[in-house]
Amino acid sequence: MATSKVLAGAQVVLPTGTLTNGRVIVEGSRIRGSAPADAETIDLTGHWLVPGFVDIHNHGGGGASFTSGTVEDVLKGIHTHRLHGTTTVVASTVTGEMDFLAQRAGILSELAEQGDLAGIHFEGPFISPCRKGAHSEGLLRHPDPADVRKLLDAARGQARMVTLATELPGGIDSVRLLAEHGVIAAIGHTDATYEQTVEAIDAGATVATHLFNAMPGLGHRAPGPIAALLEDERITVELINDGTHLHPAAFELAFHHAGTDRVALITDAMDAAGFGDGRYMLGPLEVEVKDSVARLVEGGSIAGSTLTQDRAFKRSVTVDGLSVEDTVRAISANPAKLLGQYDKVGSLEPGKDADLVVLDAAFDVKGVMRKGEWVVEPF
C-alpha cells in the first residue's frame, strides 16, 4: 500500500482561493482527498503550500545545457530547476543547423517519453534577423512548413511549442501547420507589424514568446506586435520577471491588460541558472554571465537568463505586489493549461500528481515534492 502523508497547517493555495490552516493529503504519487488514521503528518504551520512550478521556456541550468548537452547534462539541468520548485519543465532549443536540431529533438524526446521533461520548445531557427537576440544570424531561416514539419517529426510527438517570426515567408502557413498538429505556435523574435501579428493570431498562434523582448516596442502610431498580443484573449504572454528583462512598469502593464489567466511566468534560463557567473556557450555563441546577467560576448545582447522560478515567484509577490493566488496562476496553472496537462499538474487538487512547493513567510523555498517524493525535504 502506498505511503500516505498529510501536509497540515499551511496556507494552501487552491484554484478557488487560499485555505488557511489547510491540509493536502498525498498517497503515493498523487494528491488524495482522505488519508488513513496512521498517515504521517507534517506540520507546515506558518508556511505556504503551492503547486509545483511549470516552466514552458527553459534552456538549461546547473551548468548544464538542454541545447547541446548529453542526456546526463539535461538531467542535471532538470534536477537543478526542481530544487527551485519547477516540477514540470519544457526543454527549449536555440537556433542551429536543421540536422543538429533534429538530433537534439531525438535526445530530448526520449526524456519526455520517460517523464523527465514535459516536451520540447523550438526557439529558432525560424526567427527574424532583425530581432535575433542571442541566436546565430548565419543559421536563421524562413519558417518553411516543410522544415517545421521536419522538427515535429524528429520530436516524435513531444514538440509542445515552436517560436516563429510569423511575418517571414512561410510564417502563416507554418502557424496553421502547428495548430493542425496541436503544437503551440508562439510569436517571438519578430519584427512584425500590428496587422501582421493579428493575421498570425487569426491563423492560430496562441503564445507570445517573452513579451516585450526581441520585438518592436510599443508605439503610438505603429503599435507593433505588443499591442496585438496584449489585446487578444486568445494569446498567453510569457514574461521573464528577473528585474533585467522587464521594467516593473512593463510587467504591471502586461498583467493589467492581459489579465491573470493570460500570463505565463517563464525563466528563459540558460546553463548558469542555479550555478554562477562565468563563460558559457548558448548554442554556437559565447555568453558571459556577470552579476547573474547573461550577455553575448560579442555584441552584448541579453542571452537568456539565470532565473529560477522560485525567484520569479518571490519577486512577483514582494516587488511587483501580485497576490499569491495570481502568481500561482501565472507560474503553475496557466502554463499547465497551455501544455494540455492541467489534468495532472498546475493545482493542488485530488487526483493530480503530488507536485508541490513549500514556501516560508518570506516566499523562500523550504520544500519541493514531485510525484509524491521530496526533492527538497522541508525543514
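Since this is a predicted model, take the numbers as computed values, not measurements. Scope of the values below: all heavy atoms of this structure, side chains included, with no hydrogens, waters or symmetry mates.
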Non-hydrogen side-chain atoms of [X] and [Y] separated by less than 4.5 Å:
X: Thr197; Y: Leu229; value: yes
X: Leu178; Y: Ile184; value: no
X: Leu139; Y: Phe100; value: no
X: His210; Y: Leu239; value: no

For [Y], does its backbone N or O pair with a side-chain atom of [X] as donor and acceptor, under 3.5 Å?
X: Ser4; Y: Glu27; result: no
X: Thr327; Y: Ser323; result: yes
X: Gln196; Y: Thr193; result: yes
X: Asn213; Y: His245; result: yes
X: Thr86; Y: Thr88; result: no

Pair Lys290 + Asp277: basic N to acidic O under 4.0 Å
no
Can we say Glu137 and Lys132 salt-bridge, meaning some charged N sits less than 4.0 Å from an Asp/Glu carboxylate O?
yes
Provide the closest heavy-atom pair for Arg32 versus Pro350 in the form atom of the first, atom of the second, distance.
C-CB, 4.2 Å
Show the nearest heavy-atom pair for residues Ile25 and Gly33, with the distance to one decimal.
CD1-O, 3.7 Å
Taking the six-membered ring of Phe363 as reference, does the cationic atom of Lys314 (NZ for Lys, CZ for Arg) lie under 6.0 Å from its centre and within 45° of its axis?
no
Testing the 3.5 Å rule here: is there a donor-acceptor pair between the side chains of Thr267 and Ser305?
no
His121 and His59 aromatic ring geometry - parallel, tilted or perpendicular at 30°/60° bounds
tilted
To the nearest 0.5 Å, what is the distance between CD on Gln309 and NE2 on His84?
11.5 Å
